[in-house]
Amino acid sequence: MFELKRLRKNAKLTQEELASLVGASQGAISHYETGRRIPDVNTCRALVSVLSFDGNKLSIEDLFPHSAVPEHAGLMSVSGRLKTSRTTS
């Protein structure tokens, strides 16, 4: 969860500013940063979109690497295209 806070600070955004950009409350952003709450898929996409800049492409997993983000959240890129990962046995 601390990755979200680091990225927000790198973007020089306050919690209130980030909240306004993604359609959430400042309290929700605080909870996302501390791991007390997991954002829904649409909020995850908005966070990735806002915090991806200067050619830095982020994924939901980059923001919440050790969280219980819903499985389907990680399947979508910012553009909404399905990401595929193939494993061979």
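What you see below is based on every heavy atom in this structure, not just the backbone, and it leaves out hydrogens, waters and symmetry mates.
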I need the minimum non-hydrogen distance between R8 and L51, along with the two atoms involved.
CA-CD2, 4.0 Å

Looking at every heavy atom in both T43 and Y32, which two are closest together, and how far apart are they?
CG2-CE1, 3.8 Å

I need the minimum non-hydrogen distance between N42 and D40, along with the two atoms involved.
N-OD1, 3.1 Å

Donor-acceptor contact below 3.5 Å, side chain T34 vs main chain S30
yes

Quick one: are Q15 and K5 in side-chain contact, heavy atoms under 4.5 Å?
no

Just verifying a value: how many Å separate S20 OG and L13 CG, rounded to the nearest 0.5 Å?
10.0 Å

Supply the atom-to-atom distance K9 NZ to L18 CG, rounded to the nearest 0.5 angstrom.
12.5 Å

Looking just at side-chain N and O atoms, do Q26 and E16 make a donor-acceptor pair shorter than 3.5 Å?
no

Is it the case that the side chain of E17 and the backbone of T14 share a donor-acceptor pair, with hydrogens and angles ignored and the cut-off at 3.5 Å?
yes

With a 4.5 Å cut-off on side-chain heavy atoms, are I29 and L47 touching?
yes

Gap separating the SG atom of C44 from the CD1 atom of I38, nearest 0.5 angstrom
8.0 Å

